[in-house]
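FYI, side chains are in, hydrogens and waters are out, and symmetry mates aren't considered; it's all heavy atoms of this structure.
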Amino acid sequence: MAADGNKRKRPNILVTGTPGTGKTTTSSALAEATNLRHINIGDLVKEKNLHDGWDNDLQCHVINEDLVCDELEDVMEEGGNIVDYHGCDFFPERWFDLVVVLQTDNTVLYDRLSKRGYEGAKLSNNIECEIFQVLLEEAKESYSEDIVKALKSDNIDDITRNVSSLTDWIRSWPPTS
């Protein structure tokens with residue numbers, strides 16, 4: 001549990017993973033099932049201009065991590081949030097009670113990213129991140145391993161199962177010690 005988790009009435013969950021693993025789909029469904037707030041960091045960065053420009057090679061905004069954390073500080077202290085982002089190492093450890101790393105079979109991921117228009121370095125970098133489990137390792141290095149949970153996310157059945165098990169976890173929060 002996060003260091004100040006006992007002050008919150010509702011948990012904060014980070015849903016992370018390589019682009020295309022189902023973070024937004026899972027987070028949206030989980031928010032709907034639990035009435036927690038879904039915060040998509042990519043959308044927040046665009047809406048609030050929390051970036052330092054555009055990366056032409058990777059075709060994405062270069063987020064300003066300090067601005068993102070400043071923007072989220074108060075809402076994260078309140079609790080009841082599902083944060084959806086492909087990175088996790090810059091968020092304060094105290095914010096999260098559970099860190100979910102979604103993982104997808106490489107061939108499924110390749111197809112999903114290709115359909116999104118990913119190509120060249122952007123496509124190969126993301127596939128390599130999934131092959132080498134970069135996001136899982138990042139999560140384990142950034143947060144207590146007992147709150148990091150890897151979940152398979154290859155298809156709608158996996159997503160449904162994940163949302164169900166995460167909903168059960170939320171309903172049983174906070175854990176009794």
Side-chain angles (χ1 to χ4, degrees), residues 2 5 8 10-51 55 58-104 108-109 112-113 115-118 122 125-126 129-130 133-140 142-143 147-156 158-170 173:
R8 293 191 296 263
R10 301 175 73 188
N12 288 326
I13 299 170
L14 173 61
V15 178
T16 189
T18 306
T21 55
K23 295 178 301 298
T24 301
T25 302
T26 299
S27 296
S28 296
L30 185 60
E32 188 173 316
T34 62
N35 291 318
L36 296 183
R37 181 185 305 111
H38 174 204
I39 302 170
N40 180 308
I41 297 298
D43 291 346
L44 181 72
V45 165
K46 288 180 225 162
E47 289 166 14
K48 304 271 188 168
N49 249 355
L50 307 175
H51 60 82
D55 182 321
L58 296 178
Q59 295 295 298
C60 63
H61 285 103
V62 178
I63 75 162
N64 182 311
E65 297 170 351
D66 291 333
L67 291 178
V68 170
C69 289
D70 290 346
E71 179 70 27
L72 292 175
E73 184 68 44
D74 291 341
V75 75
M76 295 305 290
E77 281 184 30
E78 291 170 17
N81 301 293
I82 301 164
V83 175
D84 158 7
Y85 191 59
H86 62 263
C88 67
D89 60 347
F90 69 92
F91 297 117
E93 183 177 1
R94 63 184 158 74
W95 279 3
F96 297 107
D97 304 289
L98 183 64
V99 176
V100 176
V101 182
L102 297 179
Q103 297 181 304
T104 301
V108 173
L109 186 61
R112 287 179 187 172
L113 294 178
K115 285 179 186 169
R116 287 185 181 183
Y118 282 40
K122 188 170 185 173
N125 287 349
N126 282 298
C129 279
E130 190 67 8
Q133 300 188 356
V134 170
L135 275 295
L136 179 59
E137 290 308 310
E138 182 179 290
K140 287 179 177 179
S142 301
Y143 302 94
I147 71 163
V148 176
K149 182 174 188 150
L151 296 175
K152 180 180 170 192
S153 184
D154 289 344
N155 54 49
I156 194 66
D158 291 339
I159 291 169
T160 301
R161 194 169 27 258
N162 293 341
V163 169
S164 177
S165 71
L166 293 169
T167 299
D168 290 345
W169 181 89
I170 291 165
W173 192 87

A side-chain contact here means heavy atoms from C-beta on lying under 4.5 Å apart; do Trp169 and Ile13 qualify? yes

Evaluation steps, side-chain contact (heavy atoms from CB on, under 4.5 Å), between Leu72 and Leu44: CA-CA 10 Å; Leu72 292 175; Leu44 181 72; 3.8 Å; yes

Ignoring hydrogens, what is the shortest heavy-atom contact between Leu151 and Val100? Give both atom names and the distance. CD1-CG1, 3.6 Å

I'd like to know whether NZ of Lys149 has more than 12 heavy-atom contacts from other residues, nucleotides or ligands below 6.0 angstrom. no

In Å, rounded to the nearest 0.5 Å, how long is the span from CZ of Arg8 to CE of Met76? 7.0 Å

Pro19 and side-chain contact (heavy atoms from CB on, under 4.5 Å): which single residue from Leu109, Asn125, Asn126, Leu135 fits? Asn126

Nearest heavy-atom approach of Thr21 to Ser153 is O-OG, 2.6 Å

Chi angles and distances behind the side-chain contact (heavy atoms from CB on, under 4.5 Å) call for Asn12, Val83: CA-CA 8 Å; Asn12 288 326; Val83 175; over 6 Å; no

Euclidean distance, Arg94 CZ relative to Glu77 CD, rounded to 0.5 Å: 6.5 Å

Can you measure from OG1 (Thr26) to CD1 (Ile82) and round to the nearest 0.5 angstrom? 10.0 Å

Point-to-point distance, once rounded to the nearest 0.5 Å, from CD of Glu71 to CG of Asn49: 11.0 Å

Look at the aromatic rings of Phe91 and Phe96 and report parallel, tilted or perpendicular, splitting at 30° and 60°. perpendicular

One pair to check against side-chain contact (heavy atoms from CB on, under 4.5 Å): Val148 and Leu136. What are the steps and the verdict? CA-CA 8 Å; Val148 176; Leu136 179 59; 4.0 Å; yes

Residue of the set Leu36, Thr34, Asn162 for which side-chain contact (heavy atoms from CB on, under 4.5 Å) holds with Thr167: Thr34

Are any non-hydrogen side-chain atoms of Gln103 and Glu130 less than 4.5 angstrom apart? yes

If I compare all heavy atoms of Val163 with all of Ala33, which pair ends up nearest, and what's the gap? CG1-CB, 4.4 Å

For Arg112 and Thr104, work out which heavy atoms get closest and say how close. NH1-OG1, 3.5 Å

Side chain of Lys23, backbone of Leu102: donor and acceptor closer than 3.5 Å? no

Does some side-chain heavy atom of Asp43 sit less than 4.5 Å from a side-chain heavy atom of Thr24? no

Does a side-chain heavy-atom distance below 4.5 Å link Glu137 with Val134? no

Pick one: which of Val62, Val68, Ile63 meets side-chain contact (heavy atoms from CB on, under 4.5 Å) with Glu65? Ile63

Output the distance between atom CG (Leu50) and atom CG (Asp66), rounded to the nearest 0.5 Å. 11.0 Å

Between Arg37 and Glu78, what is the shortest heavy-atom contact and its length? NH2-OE1, 3.8 Å

Taking atom CD of Glu73 as the centre, report whether more than 12 heavy atoms of other residues, nucleotides or ligands fall under 6.0 Å from it. yes

Which atom names give the shortest non-hydrogen contact between Tyr143 and Cys88, and what distance separates them? OH-O, 2.7 Å

Nearest 0.5 Å, please: how far is CG in Asp97 from CZ in Arg10? 12.0 Å

